[in-house]
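For ligands, and for the atoms within them, numbers begin at 1 and follow the listed sequence.
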Amino acid sequence: MTAARLQAALGERAFRYYDQVGSTNDLAHDWLLAGAQSGGVIIADEQVSGRGRMGRGWYAPPGTALMLSMVLHPGSDVVGRVNLLGGVAVCEALEALGARDVGLKWPNDVWLQRRKVCGVLAEAHWQADRLIGAILGMGINVRVDFAGTPFADTAISLETVTGPVDRLTLLTHLLARLDHWRAPLASDALFEAWRARLQMIGDPVAIKVLHETISGIAAGVTPDGALLVRQSDGSLRAVAAGDLALGGH
Ligand code: BTN
């Protein structure tokens, strides 16, 4: 993915491309502070300190993934919707390339054949009580080889099911779907698109939240995106955020 091909494909969009960075989310944050407009994207071929959710790292060898971060300026009342935007747009972009059995694992992993094909890291940036903006980071496994790694059974690369993929074509589809959904961030349509794609509803789950693990059956989601868990005593508990394991233990 050369800068020249990117320039031709992205046209008027503000973007910055790097062969190697620390984290695209961190660069996008710097750019946000410097006045970047909504829709600007930072793209990298390799991240040496890529970040995942819950303080974890995220790494893919050069040439194997599509990694980008989009600057957004949502209203503070809907900034919690940014991760929904990422999940839905990635699902739709993968489907545009012919992938099927694409869905979401709450809160925002994208699944392909129930294996993780993409992670989404949405971060809101505030100065005191003023929202400066949000960064939507996405890392899509295009041709990462997970054989022999701890992720061999739980992760998947897009090309495993679609055959060869041009990352620039994937990027073009993804940006089109992000542009489609980023204006109606507050809409019922976006929430419904996200909710309808959650594939683990009805499954036994265990969610690690700070010092406790909440187990039960994933029963649904609330309008603000919390997961509803039916516990063994029959009660429903809303979990706003956490790390979800399938199987309930
Ligand atoms: C997760 O599943 O834990 C989220 C992973 C998010 C990874 C992407 S790659 C591009 C962007 N920059 C980062 O440092 N992280 C996100």
Phe146 and Phe151 aromatic ring geometry - parallel, tilted or perpendicular at 30°/60° bounds: perpendicular
Smallest separation among heavy atoms of Arg114 and Asp101, with atom names: N-OD2, 4.4 Å
Same apolar cluster (I L V M F W Y, side chains within < 4.5 Å links), Val88/Leu174: yes
Atom CG of Asp224: over 12 foreign heavy atoms under 6.0 Å: yes
Other residues, nucleotides, ligands: >12 heavy atoms within 6.0 Å of Gln37 CD: no
Within the protein, flag every N or O under 3.5 Å from an N or O of ligand 1, and note the pair and distance.
residue  : atom   : partner : partner atom : Å
ligand 1 : 2 (O)  : Lys116  : NZ           : 2.5
ligand 1 : 3 (O)  : Arg53   : N            : 2.6
ligand 1 : 12 (N) : Thr24   : OG1          : 2.9
ligand 1 : 12 (N) : Gln47   : OE1          : 2.9
ligand 1 : 14 (O) : Ser23   : OG           : 2.7
ligand 1 : 14 (O) : Gln47   : OE1          : 3.4
ligand 1 : 14 (O) : Arg51   : N            : 2.7
ligand 1 : 15 (N) : Arg51   : O            : 2.7

Side-chain ion pair, Arg115 and Asp153, N-O less than 4.0 Å: no
